[in-house]
Structures are given as structure tokens and as C-alpha cells.
Amino acid sequence: MKHLLLINFKNYPEATGSNAVKLAAALAKVKTDIYEIAIAPALLDLKEVCKNTKLAVYAQHADPVSHGASTGQVSLAELKKIGVKGTILNHSERKLPFSRIKKTVSMCIAHGLKTVICASTMRDIKDFAKVAPDYLAYEPSELIGGEVSVTTAKPKLLLKAVRLTHKKSPGTKLLCGAGVHSREDVQRALQLGCDGVLIAHAIARAKNPRQVLEKIL
Ligand code: G3P
């Protein structure tokens with residue numbers, strides 16, 4: 001099983017609009033046998049990116065609706081149709097109530113979409129493990145966007161998150177994220193038992209994203 005390296009483009013100007021397609025193309029040139037490289041472009045860019053890349057594409061958010069009368073919501077049926085593989089849910093920048101997460105996960109299963117639920121605390125991990133997502137992503141909010149990686153700042157908590165995830169939902173894989181920017185950070189995450197990482201600004205905002213990703217791998 002390959003480790004997942006999920007690159008969140010957020011709404012960074014360097015990674016939105018035509019830049020999203022360019023960034024996806026640059027990242028797709030990176031060769032690796034150990035990692036599955038996946039990307040999460042902004043919702044408005046999903047369709048165009050899916051059309052132009054072979055990388056696995058995740059949505060940054062989705063709603064528990066299929067096709068139908070659901071104005072302004074992100075339809076799971078449509079995500080599936082355009083070629084999206086899965087979705088991030090409850091990112092620190094897009095929090096959701098538990099009942100909404102639960103409903104969305106069960107509908108994602110019905111639509112054949114993978115789920116990555118972000119968790120900021122151990123309490124979150126315990127709660128979200130109940131819905132057995134494909135991935136939980138431990139991301140302490142205060143470290144997001146910074147230069148200190150969760151693997152350096154909170155290795156003990158990360159280990160606890162790994163154990164808690166395995167205990168509460170053995171089929172769920174644990175990712176970590178926040179401040180991850182180097183090969184050492186990723187190695188440390190794997191050593192601590194994570195199944196992969198979530199990275200945003202270190203790659204999405206880099207002058208040469210392909211080179212940064214190659215260095216990280
Ligand atoms: O979704 C990943 C993200 O929140 C971590 O952001 O910029 O600290 O890698 P960053």
C-alpha cells in the first residue's frame with residue numbers, strides 16, 4: 001500500500017485558475033513508487049484539473065447531496081461524474097458539525113468517493129473515527145500555514161493520534177499535516193506510524209513546486 005501525499009492547493013493565487021492546471025501538470029512529472037500523489041484544487045478548478053491530469057484529485061469540501069434541488073451545495077454525484085476520487089471534510093478552514101460529517105461520509109461511500117476527515121484534536125479523532133472514514137488527517141490548527149511541522153512540534157500527540165485511530169477504527173488510515181515542508185518531516189510522519197501527509201503552502205506556493213516535491217520525496 002502506497003503512502004498518500006495529498007497536496008491542498010487551498011485558494012492560493014499560485015494554485016488557482018489556469019495556475020491550478022499548470023501546477024497539477026508540474027506535480028504529475030514527479031516519479032515515485034512509494035507515494036500516491038494526490039491533489040486537492042479549489043472547488044472552482046476541479047473540473048478543469050480533472051480533465052487535464054492523471055493524478056488523483058480530491059475536493060477540498062463536499063456536501064451531503066446528490067443531483068437535485070440543492071442550490072449552492074457541492075454535489076457528490078457531480079464530483080464523481082467529473083472524475084474526483086474523494087473529498088476532504090471538516091478542514092480547519094471549513095469546519096462542519098458532526099451530524100453533517102456523518103451524513104456526508106455515508107453518502108460518499110454510496111457514491112464511491114473516498115473521505116479524508118480533518119481532526120484538530122484527540123477528541124476529534126475519537127469522534128470522527130466513529131464514522132470510519134478512509135483517512136483521518138490530524139492537523140493542529142495553530143501550526144497550519146507555519147514553518148514548524150506537526151511532526152517536530154507534536155511528535156507525542158502524533159503517536160497518540162496513530163494509536164487512537166488504529167484502536168477506534170482499524171480500517172482508517174492516519175495522515176498528518178500542518179507546516180510539513182521537508183523530506184525529514186515526511187520521514188518522521190511515516191516513522192511515527194502515519195500513512196501519509198497533507199501539505200499545502202510548501203508546495204502550492206513554491207517558486208518551483210516540482211523541485212520542492214522531488215526534494216520532499
Ligand atoms: O490541508 C493542509 C493544510 O491545512 C496544511 O497547510 O500550509 O501548513 O501545509 P500547510
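Remember, it's 1-based here, ligands and their atoms both numbered in the order they're listed.
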Please state which part of Ile144 comes within less than 4.0 Å of ligand 1, counting heavy atoms only: side chain, backbone, both or neither.
->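 Ile144 to ligand 1: contacts from backbone and side chain alike.
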Check [Y] with [X], please: is the shortest side-chain N to carboxylate O separation under 4.0 Å?
X	Y	result
Arg100	Asp63	yes
Glu184	Arg188	no
Glu93	Lys10	yes
Arg183	Glu214	no

Would you call [X] a ligand 1 contact, heavy-atom distance under 4.0 Å?
X	value
Lys10	yes
Ala202	no
Gly179	yes

Smallest separation among heavy atoms of Leu143 and Lys154, with atom names |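 Heavy atoms of Leu143 and Lys154 come nearest at CD1-CE, 4.1 Å.
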Minimal non-hydrogen separation, Met107 against Pro64, with atom names |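 Reported closest heavy-atom pair: SD-O, 3.2 Å.
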Report, in ascending order of atom number, the atoms of ligand 1 lying under 4.0 Å from any heavy atom of Gly145.
->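 Listed by number with element: 7 (O), 8 (O), 10 (P).
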For Ile199, take its heavy atoms, then give the atoms of ligand 1 lying under 4.0 Å from any of them.
->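 The list of qualifying atoms is 9 (O).
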Identify the protein heavy atom lying closest to [atom], giving its residue, its atom name and the separation to 0.1 Å.
atom	result
atom 5 (C) of ligand 1	Glu139 OE2, 3.6 Å
atom 7 (O) of ligand 1	His201 ND1, 2.5 Å
atom 4 (O) of ligand 1	His91 NE2, 2.8 Å

Would Val105 end up clustered with Leu79 when hydrophobic side chains under 4.5 Å apart are linked, directly or stepwise?
->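 Yes, same cluster.
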Shortest heavy-atom approach to atom 9 (O) of ligand 1 - which of Ser141, Ala204, Ala200 |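 Heavy atom nearest to atom 9 (O) of ligand 1 belongs to Ala200.
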Consider every N or O of Gly146 and every N or O of ligand 1, then say whether any pair is closer than 3.5 Å.
->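 So ligand 1 has no N or O lying under 3.5 Å from an N or O of Gly146.
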Angle class for the His3/Tyr35 ring planes (parallel below 30°, perpendicular above 60°, tilted otherwise)?
->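 Because their plane-to-plane angle lies in the 30° to 60° range, the rings of His3 and Tyr35 count as tilted.
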